[in-house]
Amino acid sequence: KSKKDKHVFEAHYFSTVGNGHRSYTIPIYRLVSFHSKFTYDNINHRLVGGGIYAAKHVNKAEGLFYIIHPLTTSGGEQIPAFPFENKMDEEIKRRSKDKNEFNHLEVSDIALKQDGGMLLITEIKKEYERRAGYPGGGIGNRNLGNPNGFRAPLLVDYYYEDMALFSINKEGKVEWSDILHKKQYSHDDDAVFSSFFLFKNPSRLRLVYNDEISTENTVSEYVIQANGQYQRK
């Protein structure tokens, strides 16, 4: 639901034993989600996830919410949420002239912790559509002198930029957050070479990505430890 007083998530649980199907309502009243992502924790048997929310202004991203739900009862519980910190706000906007940079944040991946916590990995993703120009500066429609009456093809530019990480412990408290910088640009490729690949092992995480989207390129990685310390290689 798009209205704050009716905004809920509905989770459906299917099983081959017992009842076979159960549904749960998870209200996030007072918030409207911009973008969200969920996964199931098979070790701790909980639905976990989160997203970007709006509260005062529906068209302005204001913070992050997250859900750790055991899927045993339908909600009524308070969904944890917190506004973006000023220092994070300043850090992202320092690299961009866009005053609404947080509106482009999406939850790209979730790394589960064995104790029941999670790491939400968000990423700035932008898409801009434009019409291809024709020789002579025309846009390619009949009114601008195109004798065939065809419209110019639609082109799409993709910008995949900084990643913001939020570490949440098993009690649902934010342990740390940080911003990892990258800047990727491409056009008309569905952003297939953009974003990152999450490589997980028991001791650390690796976020592997292309420095640029080109035929001659270098590949970099952020190596992240559980306490939030990281290295770029």
message: Are there over 12 heavy-atom neighbours, none belonging to E212, within less than 6.0 Å of that residue's CD?
response: no

task: With rounding to the nearest 0.5 Å, note down the distance linking CE in M163 to CG in L198.
output: 10.0 Å

message: Can a side-chain donor-acceptor contact be found between D189 and S186 if the only test is distance below 3.5 angstrom?
response: yes

message: Keeping N201 on the side-chain end and R204 on the backbone end, is there a donor-acceptor pair under 3.5 Å?
response: yes

Closest contact, heavy atoms only, L105 versus H35: O-CB, 4.3 Å

message: Just checking Y209 against Y160, ring centres under 6.0 Å apart?
response: no

- prompt: In terms of heavy-atom contacts, does CZ of F38 have more than 12 from other residues, nucleotides or ligands at under 6.0 Å?
  reply: yes

message: For a side chain to side chain contact (heavy atoms under 4.5 Å, CB included) check, start with the C-alpha distance between F65 and S33, then their side-chain angles and the critical distance, and finish with the verdict.
response: CA-CA 8 Å; F65 73 90; S33 60; 3.6 Å; yes

- line: In terms of heavy-atom contacts, E175 and I168 come closest through OE1-C, 4.3 Å

- request: Calculate, to the nearest 0.5 Å, the distance between atoms NZ and CE belonging to K170 and M118 respectively.
  value: 15.0 Å

task: Specify the closest pair of heavy atoms between Q184 and N210, including all atoms of both residues, with the distance to one decimal.
output: NE2-O, 2.9 Å

Heavy-atom check, side chain of Y230 versus side chain of L180, under 4.5 Å: yes

message: Run the side chain to side chain contact (heavy atoms under 4.5 Å, CB included) test on L112 and T39 for me, step by step, so that the C-alpha distance in whole Å, both residues' side-chain angles and the decisive distance to 0.1 Å come before the verdict.
response: CA-CA 9 Å; L112 296 174; T39 189; 3.9 Å; yes

- request: Side-chain contact test, heavy atoms from C-beta onward, threshold under 4.5 Å: evaluate it for L120 versus Y66 and give yes or no.
  value: yes

- prompt: Side chains of L165 and T122: does their closest heavy-atom pair fall under 4.5 Å?
  reply: no

field: Co-membership, hydrophobic cluster, residues Y185 and Y158, 4.5 Å side-chain
entry: no

query: If you measure from OG1 on T25 to NE2 on H69, what distance do you get to the nearest 0.5 Å?
result: 9.0 Å

field: ILVMFWY cluster, I28 and Y24 together (side-chain gap under 4.5 Å)
entry: yes

query: Taking 4.0 angstrom as the limit, do K126 and D162 come out as a salt bridge?
result: no

- prompt: Would a line drawn from the ring center of Y128 to the ring center of Y159 be shorter than 6.0 Å?
  reply: yes

field: Note, Y40 side chain near L71 side chain (heavy atom, < 4.5 Å)
entry: yes

field: Test: K182 and E123 ion pair at under 4.0 Å
entry: yes

message: R130 vs D188, test: salt bridge (Lys or Arg N to Asp or Glu O under 4.0 Å). Steps then yes/no.
response: CA-CA 11 Å; R130 55 188 172 86; D188 294 334; 5.5 Å; no

- request: For residues F196 and S108, determine if any side-chain heavy atom of one lies less than 4.5 Å from a side-chain heavy atom of the other.
  value: yes

field: Exercise: identify the closest heavy-atom pair between I52 and F84
entry: CG2-CZ, 4.0 Å

message: So N217 and T215, do their side chains get closer than 4.5 Å, heavy atoms only?
response: no

query: What is the minimum heavy-atom distance between S220 and D211, and which atoms define it?
result: OG-OD2, 2.7 Å

field: W176 side-chain N/O to Q229 backbone N/O, donor-acceptor pair under 3.5 Å
entry: no

- prompt: I68 and G172: which non-hydrogen atoms are nearest, and at how many Å?
  reply: CD1-CA, 4.2 Å

task: Decide yes or no for L119 and L205: does some side-chain heavy atom of the first lie under 4.5 Å from some side-chain heavy atom of the second?
output: yes

query: Are F193 and L207 joined in one hydrophobic group, where the rule is that I, L, V, M, F, W and Y side chains link up if heavy atoms are under 4.5 Å apart?
result: no

- prompt: When hydrophobic residues are tied together by side-chain contacts of less than 4.5 Å, even through go-betweens, does F197 share a cluster with I124?
  reply: no

message: Looking only at side-chain N and O atoms, does S167 offer a donor or acceptor that is under 3.5 Å from a partner on K113?
response: yes

- request: Enter the distance from L47:CG to F9:CZ here, rounded to the nearest 0.5 Å.
  value: 9.5 Å

message: Quick check for you: to the nearest 0.5 Å, what is the distance between T72 atom OG1 and R46 atom CZ?
response: 11.0 Å

- request: Could you check F34 against Y53 for side chain to side chain contact (heavy atoms under 4.5 Å, CB included), going step by step and ending with a plain yes or no?
  value: CA-CA 5 Å; F34 260 66; Y53 75 81; over 6 Å; no

- request: Could you walk me through whether S194 and I213 pass the side chain to side chain contact (heavy atoms under 4.5 Å, CB included) test, one step at a time?
  value: CA-CA 7 Å; S194 299; I213 312 304; 3.8 Å; yes

Ion pair E221/R206, N-O distance below 4.0 Å: yes

- prompt: Have E10 and H12 got a donor and an acceptor in their side chains that come within less than 3.5 Å?
  reply: yes

message: Can a donor-acceptor pair be found, under 3.5 Å and without considering hydrogens, that links the side chain of N169 to the backbone of E171?
response: yes

- prompt: Which distance, rounded to the nearest 0.5 Å, do you find between the CD of E127 and the CD of E129?
  reply: 7.5 Å

query: How about H187 and D157: does a side-chain donor come under 3.5 Å of a side-chain acceptor?
result: no

pair V219-V208: side-chain heavy atoms closer than 4.5 Å: yes

